[in-house]
Participant: 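My questions all concern the structure below.
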Amino acid sequence: MPELPEVETTRRGIAPHVEGKKVIKVIVRQPKLRWPISPEISTLLPGLTIKRVKRRAKYLLIETEKGTLIIHLGMSGSLRVINANILPEKHEHIDIIFNDNKCLRYKDPRRFGCLLWTSTPIQQHKLIQHLGPEPLSDAFDLANFYPKAKSKKVAIKRLIMDGHIVVGVGNIYASEALFLSGIHPKRTANNISKTRLSNLVIAIKDILAQAIEQGGTTLKDFVNSEGKPGYFQQTLNVYGRAKQPCTHCKTPIKQIVIGQRSTFYCPQCQR
DNA sequence: CGAGCAACCTGCATGC
DNA sequence: TGCATGCAGGTTGCTC
């Protein structure tokens, strides 16, 4: 599921239900995720109160007075807040139960996600400290992006998916942003004009902001915090539309592989 | 520095 | 109906 808009939608969905709540119990049915679940989540978290739910890149950061729970949803993860007495279904690996009998339940069929604990400042965490700017912040702009693009000899699609350059641009929105800015996904980053790179920065911000507004574009197994399926795939111009007509010029959309990831583009509109 | 790939997993669509 | 194959929204970390 998770592109950045889904993670942000999840954050907004769960925050009102967990902030200020005291954790009374943690149940781990399956500790084997991408990395084993940090033991502190079972031993230290119960008794602590959730202060804030933040997000950095696609990491959800659940802050307490003694440390931060770092959650990544991987490819197929989801979180929802439910009554604690509802029986877990398949692949629902972790419950964090609060003092009001509500439960933050983590589901992840493919188990590519993670739940980690850190007691030191979050900026020092190995997974967080080298991350590039947030795409929707002022820190990601042409002044920041242009010199990086000009110094890199990689396909532009790989560049915008590189978390050192900008975080949160996943495989769906990389294709979509390049379509919106008229750039061929294989074009070398250092071979794109300043004007077009400026358009790309704007397109990345636009497409992500728009998706967040819609509550998250997603594929089939996204379940939001209310338990409703999110399915807004029809808003996509190129992703998943191989051989279908371009929404702009009717030319059939092409599908190629860049960096082992499926990539979609219009051969007419994108150069 | 950059490219390629293996790894971590299950579910689903497709084709025989 | 059953089985093999390939593919899927992410990210790290290794080799060449």
Participant: Starting at the 5' end of DNA chain C, which residue's closest nucleotide do you reach first, A:A57 or A:Q255?
Facilitator: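 Its nucleotide being nearer the 5' end, the pick is A:Q255.
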Participant: Taking the same atom, C1', in B:dA3 and in C:dG9, what whole-Å distance lies between them?
Facilitator: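 The same atom, C1', in both gives a distance of 23 Å.
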Participant: Regarding A:N171 and A:K157, is there a side-chain donor-to-acceptor distance under 3.5 Å anywhere?
Facilitator: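 Side chains of A:N171 and A:K157: pair found under 3.5 Å.
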Participant: Side chain of A:M75: nearest nucleotide among B:dC5, B:dG11, C:dG9?
Facilitator: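 Shortest atom-to-atom distance from the side chain points to C:dG9.
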Participant: Let's see if you can work this out: which of C:dT11, B:dG4, C:dG9 has an atom nearest to the side-chain heavy atoms of A:H72?
Facilitator: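 The answer is C:dT11, which lies nearest to the side chain.
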Participant: For A:R34 and B:dA6, give me the distance from atom CZ to atom P, rounded to whole Å.
Facilitator: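 So the CZ-P distance, A:R34 to B:dA6, works out to 16 Å.
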Participant: Between A:K58 and A:G74, is there a donor-acceptor pair closer than 3.5 Å when you use the side chain of the first and the backbone of the second?
Facilitator: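 No; zero donor-acceptor contacts below 3.5 Å.
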Participant: Now, which nucleotide makes the Watson-Crick or G-U wobble pair with B:dT10, with each of the two distances under 3.5 Å?
Facilitator: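 Because both required distances fall under 3.5 Å, B:dT10 counts as paired with C:dA8.
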Participant: Return the value, rounded to whole Å, for the distance between atom CG of A:L236 and atom P of C:dA8.
Facilitator: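 One finds 15 Å between P of C:dA8 and CG of A:L236, rounded.
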Participant: Taking the minimum atom-to-atom distance to the side chain of A:S262, which one of C:dT11, C:dG9, C:dT12 wins?
Facilitator: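 Within the option list, the nearest is C:dG9.
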Participant: Contact class for A:K58 (heavy atom, under 4.0 Å): base, sugar-phosphate, or nothing?
Facilitator: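 A:K58: backbone/sugar contact only, no base atoms under 4.0 Å.
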Participant: Between A:R261 and C:dG10, is there a side-chain N or O to OP1/OP2 distance below 4.0 Å?
Facilitator: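 Yes, such a contact exists.
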Participant: Are the ring of A:F112 and the base ring of B:dC8 both nearer than 5.5 Å at their centres and tilted by less than 30°?
Facilitator: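 Aromatic stack with B:dC8 present for A:F112.
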Participant: Return the nearest nucleotide to the side chain of A:R110; candidates are B:dT10, C:dT12, C:dG10.
Facilitator: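 For A:R110, the side-chain atoms sit closest to B:dT10.
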Participant: Measuring from atom CD of A:Q129 to atom CD of A:Q123, what distance do you get when rounded to the nearest 0.5 angstrom?
Facilitator: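 With rounding to 0.5 Å, CD (A:Q129) is 10.5 Å from CD (A:Q123).
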Participant: Compare the minimum distances between each of B:dA3, C:dG13, C:dG9 and the side chain of A:K126, then state the nucleotide with the smallest one.
Facilitator: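 In terms of side-chain proximity for A:K126, the closest of B:dA3, C:dG13, C:dG9 is C:dG13.
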Participant: Does A:H91 make a side-chain N or O approach to OP1 or OP2 of B:dG11 shorter than 4.0 Å?
Facilitator: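 For A:H91, the contact criterion (side-chain N or O under 4.0 Å from OP1 or OP2 of B:dG11) is met.
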Participant: Consider the side chain of A:V154, meaning its heavy atoms from C-beta on, and name the nucleotide among B:dG2, C:dG10, B:dT10 that approaches it most closely.
Facilitator: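 Out of B:dG2, C:dG10, B:dT10, the nucleotide with an atom closest to A:V154's side chain is B:dG2.
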Participant: Would you kindly give the CG-to-C1' distance between A:L131 and C:dT11, to the nearest whole Å?
Facilitator: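 One finds 11 Å between C1' of C:dT11 and CG of A:L131, rounded.
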Participant: Rounded to the nearest angstrom, tell me the gap between atom CG in A:D162 and atom P in C:dG13.
Facilitator: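 That distance rounds to 14 Å.
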Participant: B:dT10 phosphate, OP1 or OP2: any side-chain N/O from A:R111 under 4.0 angstrom?
Facilitator: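 A:R111 to B:dT10 OP1/OP2: side-chain N or O found under 4.0 Å.
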Participant: Between A:D108, A:L79, A:I27, A:I37, which is the residue that forms a side chain to side chain contact (heavy atoms under 4.5 Å, CB included) with A:I94?
Facilitator: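 In the set A:D108, A:L79, A:I27, A:I37, the residue that makes a side chain to side chain contact (heavy atoms under 4.5 Å, CB included) with A:I94 is A:I37.
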Participant: Please tell me which of the listed nucleotides, C:dT12, B:dG11, C:dA8, lies nearest to the side chain of A:P109?
Facilitator: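 Per side-chain heavy atoms of A:P109, the pick is B:dG11.
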Participant: Just how far, in rounded Å, is P of B:dC1 from NZ of A:K148?
Facilitator: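 Those two atoms, NZ and P, are 13 Å apart.
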Participant: Looking at the side chain of A:L127, which of C:dA8, C:dG10, C:dT12 is the nearest nucleotide?
Facilitator: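 For the A:L127 side chain, the nearest candidate turns out to be C:dT12.
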Participant: Can a side chain N or O of A:K90 be found less than 4.0 Å away from OP1 or OP2 on B:dG11?
Facilitator: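 So the side chain of A:K90 is within the cut-off, an N or O lying under 4.0 Å from OP1 or OP2 of B:dG11.
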Participant: Tell me: CG of A:L116 to P of C:dT11, nearest whole Å?
Facilitator: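 Checked: the CG to P distance equals 14 Å.
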Participant: If you check every side-chain atom of A:Q260, which of C:dT11, C:dG9, B:dG4 has the closest atom?
Facilitator: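 Nearest nucleotide to the side chain: B:dG4.
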Participant: Round to the nearest Å and state the distance from A:D108 atom CG to B:dC9 atom P.
Facilitator: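 A:D108 atom CG is separated from B:dC9 atom P by 11 Å.
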Participant: Hey, is the main chain of A:R110 close enough, under 3.5 Å, to the side chain of A:S76 for a donor-acceptor pair?
Facilitator: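 Checked: pair present.
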Participant: For the CZ atom of A:R261 and the OG atom of A:S175, what is their distance to the nearest 0.5 Å?
Facilitator: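 It is 10.0 Å, given to the nearest 0.5 Å.
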Participant: Looking only at atom P, what distance separates B:dT10 and C:dT1, rounded to whole Å?
Facilitator: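 25 Å, rounded to whole Å.
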Participant: Can a side chain N or O of A:K153 be found less than 4.0 Å away from OP1 or OP2 on B:dC1?
Facilitator: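 A:K153 to B:dC1 OP1/OP2: no side-chain N or O under 4.0 Å.
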Participant: Would A:K194 pass as a cation-pi partner of A:Y146, given that its NZ or CZ must be under 6.0 Å from the six-membered ring centre and within 45 degrees of the axis?
Facilitator: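 Yes, a cation-pi geometry.
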Participant: Does C:dG2 have a Watson-Crick or wobble partner in any strand here, with both distances under 3.5 angstrom, and which is it?
Facilitator: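 When the pairing criteria are applied, B:dC16 turns out to be the nucleotide that pairs with C:dG2.
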Participant: Please report the distance, rounded to the nearest Å, between NZ in A:K157 and P in B:dG4.
Facilitator: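 It is 13 Å, rounded to the nearest whole Å.
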